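Just so it is clear, the model here is predicted, and its values are computed rather than measured.
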Amino acid sequence: MIKITFPDKNTKEFNQGITGYEIAKSISPRLAKEVLSITVNGNLWDISRPIKEDAEIVLHKWEDEEGKHAFWHSSAHLMAEALESLYPGIKFGIGPAIENGFYYDVDLGNEKILTDADLPKIEQRMRELVAQKNTYNRKNISKKEALNYFDGKGDEYKLELINDLTDGEITFYSQGNFTDLCRGPHLPDTSPIKAIKLLSIAGAYWRGDEQRKQLTRIYGITFPKKKMLDEYLEMLEEAKKRDHRKIGKELQLFTFSQKVGSGLPLWLPKGAMLRDRLIDFLKKVQVRYGYLPVSTPHIGHKDLYVTSGHYEKYGKDSFQPIKTPNEGEEFLLKPMNCPHHCEIYNSQQHSYKDLPIRYAEFGTVYRYEQSGELHGLTRVRGFTQDDAHIFCRPDQLKEEFIKVIDIILYIFKALDFDNFVTQISLRDKNDKEKYIGSDENWEKAESAIIEATNEKGLETIIEYGEAAFYGPKLDFMVRDAIGRKWQLGTIQVDYNLPERFELTYTGSDNQKHRPVMIHRAPFGSMERFIAVLIEHTAGKFPLWLAPDQVVILPISEKHNEYAKKVSKILNNSDIRTLIDERNEKIGKKIRDNELKRIPYLLIVGDNEIQNEEVSVRKQGDGDKGKMSIEKFKNYFNEKVENLLKSIDTK
RNA sequence: GCCUCUUUAGCUCAGAUGGCAGAGCAGCUCACUCGUAAUGAGCAGGUCGCGGGUUCGAGUCCCGUGAGAGGCUCCA
């Protein structure tokens with residue numbers, strides 16, 4: 001007998017060699033039906049694998065990441081089997097389960113090109129294989145045998161993977177006619193895979209290295225129920241409707257022009273209005289936090305970036321230097337603002353009493369992103385950072401860091417951003433070559449960040465080896481409509497630039513000292529931030545941000561004069577209004593303006609004119625009844641103020 | 001940059017097999033002067049992304065090129 005310990009610490013005796021499936025069955029038939037994988041003493045296992053000794057276990061169902069993982073990993077093998085039967089001689093790279101589904105990287109040789117049209121055929125073969133109910137069989141194997149097997153198949157990718165394995169135990173999994181190198185775990189057999197959809201084909205470099213061969217990657221997803229697949233596909237459709245590129249076009253916020261160049265956004269009046277409101281807001285907040293505005297040109301001497309080290313590291317990613325015709329001097333379109341700010345710091349001498357100094361600039365920068373990387377407003381070649389650089393004494397670092405966290409949290413709150421993730425990126429201590437600066441400084445900077453996030457109660461993920469070469473950082477990430485993760489806010493500690501630009505301050509000891517620099521950008525870039533904001537709100541912006549806040553709808557042309565009067569009164573109170581003077585019926589005007597996501601619609605006709613009133617309609621919320629113009633004005637302004645005030649006190 | 005796909009009117013999209021470029025919405029004109037999510041009629045609008053080629057004939061087939069989309073370690 002062996003002792004099995006459950007997650008709630010209860011224990012139970014079982015015969016030696018019992019499987020996860022049998023344990024689940026002993027608890028309930030329903031659980032047995034749903035269990036997909038098992039954690040045994042911290043290792044993920046197949047539920048069909050016999051447990052030979054005392055163990056702590058956790059059973060995983062579809063609802064658990066581990067359960068889905070086994071399901072999708074098995075699906076990847078199933079797809080591989082289908083591919084091998086359709087395209088003999090195919091070679092396989094890697095085929096893991098991912099966040100939503102799975103993929104497999106394959107090499108079909110030089111003749112065969114896979115296209116979307118081939119996917120239904122592969123799906124069909126997968127269904128046929130599912131019907132065979134083949135079991136997934138695990139087998140321990142020696143490295144030599146493993147190499148022999150794939151050598152025989154001529155699969156150089158698997159050979160490379162096996163050769164790189166150092167942890168001793170190598171396992172194969174087979175189902176039907178297909179055998180793969182795999183750590184597992186897998187389902188007992190293929191029968192739970194009820195719904196299959198292959199989603200797309202993409203090129204993927206072998207091991208992510210663009211110097212190496214590009215394989216064909218096939219993405220797919222599977223579910224235990226057909227209904228779940230339908231729901232998933234529907235969810236994808238819904239997400240597409242929130243896409244900032246689509247909404248940006250609909251609401252006329254921004255556009256791109258081939259003549260101007262790809263990756264160079266053009267802000268239309270309504271988008272520029274939104275952008276200006278955000279910038280005004282942030283400027284106001286920053287003044288409160290003691291930031292000083294600075295302004296620097298769009299180009300800088302190449303030497304500036306050689307000094308900063310950016311030229312060496314990011315020169316390829318910059319637009320190439322502009323040469324002056326006579327002197328032959330070289331200038332770069334600025335890829336970042338920090339070197340300029342360092343020179344502003346250097347223009348004066350500083351006492352320890354002056355620090356911290358916080359320079360803020362909405363600086364537009366230009367980076368030569370690869371054409372394939374460009375994406376709507378989230379990845380562009382010209383964008384405006386809400387940038388600032390804080391120069392402080394080492395003893396002020398933590399406090400300053402906390403203040404920056406405060407400012408970012410404040411701003412996110414003002415915009416109803418709550419589902420962000422924070423990530424601390426620290427250095428990889430085993431790879432000292434990669435980083436500059438003394439151990440002591442790194443220790444200080446890293447602990448300052450960790451302590452600061454602890455004090456603010458932020459739940460953070462810590463990533464080792466992800467720090468910038470000049471210092472550790474804290475990033476704020478959010479997801480877009482399609483689930484892709486984007487970095488927005490960032491706070492970075494930098495010992496490098498003060499060194500390179502020889503920044504100093506005079507300490508109380510009358511000696512020169514090096515300040516520490518903090519780079520920070522709460523939005524990251526205006527472009528990316530607005531893209532994410534659009535997707536989060538589906539274009540229904542907070543009242544204070546909406547480009548048009550109120551639209552006045554006259555019942556008929558007779559009422560246009562009164563509409564103008566209302567508009568003027570509201571405009572005088574800083575409310576942004578439009579009038580829909582079209583010769584349309586009121587129902588049509590309401591519909592069109594609702595679709596434009598204008599927060600308030602005011603309907604005016606004979607009934608309203610009598611007592612200087614307006615009929616109020618709130619976007620998405622229908623008729624709110626009549627109100628005097630004056631009352632609406634106050635109601636509206638109070639709403640905007642309360643919104644901003646309520647954030648202030650938090 | 002590389003792989004796959006897309007590119008037709010301002011927008012969304014139809015246009016097997018090569019044979020006279022279409023619809024809905026938006027726009028303009030006219031009628032109606034209207035009460036809470038689409039009034040009706042008419043008009044106008046395209047060098048089919050661009051450049052070559054095959055053909056009697058190309059939106060459609062071939063080659064090149066621009067732009068856009070999805071993807072390019074989430075590691076057996």
Side-chain angles (χ1 to χ4, degrees), chain A residues 65 69 72-73 76-77 92-105 113-119 146 150 157-165 167 169-173 180-184 199-219 240 243 245-246 249-250 252 255-263 316 368-376 482 484-485 553-560 582-595 601-608 615-620 622-626:
Chain A
E65 282 307 306
H69 201 272
W72 284 332
H73 203 165
H77 280 222
F92 294 96
I94 59 168
I98 54 175
E99 206 172 315
N100 287 302
F102 57 90
Y103 67 78
Y104 221 119
D105 285 347
I113 292 166
L114 217 52
T115 71
D116 290 346
D118 298 309
L119 295 180
F150 283 107
Y157 306 105
K158 293 291 179 191
L159 288 173
E160 184 178 325
L161 291 171
I162 295 165
N163 276 318
D164 286 353
L165 290 178
D167 56 356
E169 188 175 67
I170 294 177
T171 48
F172 274 14
Y173 275 85
D180 202 356
L181 169 72
C182 186
R183 189 183 289 145
L199 297 163
S200 62
I201 293 176
Y205 295 106
W206 173 232
R207 309 204 118 179
D209 181 351
E210 61 185 301
Q211 303 301 320
R212 307 194 65 180
K213 183 157 181 177
Q214 189 160 45
L215 306 180
T216 304
R217 174 170 298 180
I218 307 166
Y219 284 92
K240 271 191 203 153
D243 193 309
R245 292 164 300 184
K246 184 174 155 63
K249 201 180 263 179
E250 279 170 15
Q252 299 175 8
T255 189
F256 290 90
S257 151
Q258 291 191 25
K259 286 209 179 92
V260 174
S262 65
K316 289 196 304 294
Y368 184 75
E369 301 284 354
Q370 294 195 100
S371 60
E373 292 276 3
L374 298 174
H375 179 90
I482 321 171
R484 274 178 302 215
K485 246 195 232 171
L553 314 180
I555 294 284
S556 80
E557 286 175 354
K558 287 192 308 208
H559 311 110
N560 285 355
R582 295 176 304 161
N583 185 8
E584 291 290 349
K585 294 175 93 166
I586 195 66
K588 168 79 164 163
K589 289 188 187 182
I590 288 170
R591 180 183 151 79
D592 288 351
N593 287 289
E594 286 272 352
L595 290 175
L601 316 190
L602 301 183
I603 291 148
V604 296
D606 290 338
N607 300 344
E608 286 75 17
S615 280
V616 180
R617 233 191 116 97
K618 203 171 162 189
Q619 204 272 337
D623 192 357
K624 293 280 155 202
K626 280 209 277 284

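The same atom, C1', is picked in G15(B) and in A58(B); the two are 14 Å apart, to the nearest Å. Comparing C28(B) with G45(B), their C1' atoms sit 10 Å apart, to the nearest whole Å. Separation of the P atoms belonging to C30(B) and U47(B) is 28 Å when rounded to the nearest angstrom. For the C1' atoms, the distance from U12(B) to U17(B) is 27 Å, rounded to whole Å. Distance check on atom C1': U60(B) versus U7(B) gives 14 Å, rounded to whole Å. The separation of G57(B) from C20(B), taken at their P atoms, amounts to 15 Å, rounded to a whole angstrom.
Taking all atoms of both residues into account, the shortest heavy-atom contact from Leu114(A) to Ile218(A) is CD2-CD1, 3.4 Å. Closest of all the heavy-atom pairs between Lys588(A) and Arg582(A) is O-NH2, 4.4 Å.
Counting to the nearest Å, the P atom of A37(B) and the NZ atom of Lys624(A) are 14 Å from each other. The CG atom of Leu595(A) sits 10 Å away from the P atom of A38(B) (whole-angstrom rounding). Glu250(A) has its CD atom 13 Å from the P atom of C11(B), to the nearest Å. In this structure, Gln211(A) atom CD and C3(B) atom C1' are separated by 16 Å, rounded to whole Å. Atom CZ of Arg207(A) is separated from atom C1' of C74(B) by 15 Å (rounded to the nearest Å). When the P atom of A67(B) is taken as reference, atom CZ of Phe256(A) falls 13 Å away, rounded to whole Å. Following rounding to the nearest Å, Gln370(A) (CD) and C3(B) (C1') show an atom-to-atom distance of 13 Å. As rounded to whole Å, 9 Å separates atom P of U39(B) from atom CG of Asp592(A).
A salt bridge does not link Glu584(A) with Arg591(A): none of the charged nitrogens is closer than 4.0 Å to a carboxylate oxygen. Using a cut-off of 4.0 Å between Lys/Arg side-chain N and Asp/Glu carboxylate O, Arg207(A) and Asp209(A) are scored as not salt-bridged.
When each of Arg617(A) and Tyr368(A) is assigned the nucleotide of RNA chain B bearing its nearest heavy atom, the one mapping closer to the 5' terminus is Tyr368(A). Closest-nucleotide positions on RNA chain B for Glu584(A) and Thr115(A) were compared, and the one nearer the 5' end corresponds to Thr115(A).
A26(B): glycosidic angle beyond 90° from 0, hence anti.
In this model, no side-chain donor or acceptor of Glu99(A) finds a partner on the base of C74(B) within 3.5 Å. Under 3.5 Å, the side chain of Thr216(A) and the base of U4(B) form no donor-acceptor pair of N or O atoms.
The side chain of Lys558(A) contributes an N or O atom lying less than 4.0 Å from OP1 or OP2 of C34(B). One finds no side-chain N or O of Tyr219(A) lying less than 4.0 angstrom from the OP1 or OP2 phosphate oxygen of U4(B). At least one side-chain nitrogen or oxygen of Lys588(A) sits closer than 4.0 Å to the OP1 or OP2 atom of A26(B). Residue Arg245(A) places at least one side-chain N or O under 4.0 Å from the OP1 or OP2 atom of A69(B). Listed pair Arg582(A) / A38(B) fails the phosphate criterion, with no side-chain N or O lying under 4.0 Å from OP1 or OP2. For the OP1/OP2 pair of A67(B) and a distance below 4.0 Å, the side-chain nitrogens and oxygens of Lys259(A) include no atom meeting the criterion. For the OP1/OP2 pair of G70(B) and a distance below 4.0 Å, the side-chain nitrogens and oxygens of His375(A) include at least one atom meeting the criterion.
Residue Gln619(A) is out of contact with every strand shown, counting any heavy-atom pair closer than 4.0 Å. Residue contacts for Gly605(A): at a heavy-atom cut-off of 4.0 Å it reaches a base atom on one of the strands shown. Asp105(A) comes within 4.0 angstrom of nothing in the nucleic acid, heavy atoms only.
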Exercise. Given Phe92(A) and Tyr104(A), is the ring-ring contact (aromatic ring centres under 6.0 Å, His included) satisfied, shown in steps?
Worked result: CA-CA 8 Å; Phe92(A) 294 96; Tyr104(A) 221 119; 5.2 Å; yes
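Nucleotide G51(B) forms a Watson-Crick or G-U wobble pair with C63(B), both donor-acceptor distances falling under 3.5 Å.
A side-chain donor from one of Tyr219(A) and Arg217(A) sits under 3.5 Å from a side-chain acceptor of the other.
Residue Ala202(A) places its side chain closer to C3(B) than to any other of C3(B), A37(B), A38(B).
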